[in-house]
Amino acid sequence: MSYKQTKRWIVDKDDQFLHKSSEIKEAALWIKNGDVIAFPTETVYGLGANALDEEAIQNIFQAKGRPSDNPLIVHIAKEEQLKELVIDVPLVAKKLIHAFWPGPLTIILKRTNSIAESVTAGLDTVGVRMPSHPIALTLIEAADVPIAAPSANQSGKPSPTSASHVIHDLNGKIAGVVDGGVTGVGVESTVVDCSVDRVILYRPGGVTKEEIEAVIGPIEVDPSLQAETEAPRSPGMKYTHYAPIGQLYVVSDCGKINNYVQEARAKGHRVGVLTTEERKAKYDADIVVACGKRDDLSTVAQKLYDSLRTFDQQKAEIIYAEAFPKEGIGIAIMNRLEKAADAVI
Ligand code: TXA
Ligand code: MG
């Protein structure tokens, strides 16, 4: 599909009467009619279509250039929508739903046959989440169908945290985008599999492992999250993701970054450093991006993808990124940085 222009509906997420918004009503109608529309969630922007409409779902894969073996997350606005999508909701899943929905947690469950085939890429399970973003909830409710949505970036690129990121990647390839400003969490939802006997964490994200374990006790972690040699059980985790155009190196010993920068500049490269507000003055590079504050990692998560995209805009050829502590949301941040990186040094 190609469009002369991608329509942009500007909506204030704090509007008390969102359900009356003519912009959201129009976007919802377009989704109902089979179009592909980007919209904000509390994590990143999603690229949504009717999860029950096979043709509409095909258009998502096409617009993003997404491999067809990578399943999509289905977004709902009310718990009762689960009935149509999944066969059974085990007790652990009920506890997680109660604790974290609406919010950044995707739960994988055994699916019914009403979902379009390509949403689940041939698997007998489906990932479902109820986002907490008011625009996302209002849009799903108005469309009156479950909305399948991957992140609204071109496949392989950093996920979009603003409508401008979406337009940059997908202008003319999608019907429209609901512009609700920048997203809050900044990294994608946590993905857990509740279709198996012991719950497995596939993707670290907005809800931390500790928070989950506080509700349902110890869970397993997919071995591929710890060792690159293991093949991930979640299809999407095997692809290169989030990558800027330049070569990205994650540096464990930040004290060495200035040396690396000097060496690379001496070879004539345009060099960037990804750091935080606290340390930005320490670096002498062509591009220094302060990505939030190290003493509050949620601010780093929020700005991470925008920072990676800044290096593209500024034409960085080599980027050195400070490593972050792997605790709390830092686990998700490091997971994304390591996936985006050429190497960890
Ligand atoms: O925060 C988010 O989750 C965002 C917003 C838009 O909701 N969406 C998002 O979607 O990140 P996407 O498509 O970029 O990532 C979905 C991830 C992929 O790694 C995919 O493989 C995994 O979820 N996934 C989806 N369904 C699955 C299933 N049935 N079994 C295993 N993994 C699944
Ligand atoms: Mg994605």
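Note that ligands are numbered from 1 as they come in the structure, with each ligand's atoms numbered from 1 the same way.
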Side chains of [X] and [Y]: donor-acceptor distance under 3.5 Å anywhere?
X    : Y    : result
Y283 : E322 : yes
T120 : R111 : yes
T43  : S189 : no
Y305 : E188 : yes

Which ligand 1 atoms does [X] reach within 4.0 Å, using its non-hydrogen atoms?
X    : result
T43  : 1 (O), 2 (C), 4 (C), 5 (C)
H75  : 5 (C), 6 (C), 7 (O)
T125 : 28 (C), 29 (N), 30 (N)
N70  : 18 (C), 20 (C), 21 (O)

Sub-3.5 Å N/O-N/O distance, Y45 and ligand 1: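 N/O-N/O distance below 3.5 Å does not exist for this pair.
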T106 N/O under 3.5 Å from ligand 1 N/O: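 No, since none of the N or O atoms of T106 sits under 3.5 Å from an N or O of ligand 1.
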[X] with [Y]: basic N within carboxylate O range, under 4.0 Å:
X    : Y    : answer
D169 : K157 : no
K256 : E263 : no
R129 : E42  : yes
E277 : K280 : yes
D286 : K315 : no

Taking 4.0 Å as the limit for heavy-atom contacts, which would you say applies to [X] with ligand 1: side chain only, backbone only, both, or neither?
X    : value
K110 : neither
D193 : neither
I73  : side chain

Residue-ligand contact L123/ligand 1, heavy atom below 4.0 Å: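 Yes; L123 lies near enough to ligand 1 that a heavy-atom distance drops under 4.0 Å.
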Sub-4.0 Å heavy-atom contact, R111 with ligand 1: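 Heavy atoms of R111 never come under 4.0 Å of ligand 1.
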Ring geometry between Y260 and Y320 (parallel below 30°, tilted from 30 to 60°, perpendicular above 60°):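 Ring orientation of Y320 relative to Y260: parallel.
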Same cluster (ILVMFWY, side-chain, under 4.5 Å), V36 and F61: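 Yes, V36 connects to F61 through the hydrophobic network.
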For [atom], what's the nearest protein heavy atom and its distance?
atom                    : answer
atom 6 (C) of ligand 1  : G46 CA, 3.5 Å
atom 22 (C) of ligand 1 : S234 OG, 3.4 Å
atom 3 (O) of ligand 1  : S189 OG, 2.5 Å
atom 19 (O) of ligand 1 : G236 CA, 3.5 Å
atom 17 (C) of ligand 1 : R203 NH1, 3.7 Å
atom 23 (O) of ligand 1 : V191 CG2, 4.0 Å
atom 14 (O) of ligand 1 : S151 OG, 3.1 Å
atom 13 (O) of ligand 1 : R66 NH2, 2.8 Å

Sub-6.0 Å ring centroid separation between F39 and Y45: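 Not close enough - the centres of the two rings lie 6.0 Å or further apart.
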Metal check, the Mg ion (ligand 2) vs S151 N/O/S, cut-off below 2.8 Å: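 S151 does place an N, O or S atom closer than 2.8 Å to the Mg ion (ligand 2).
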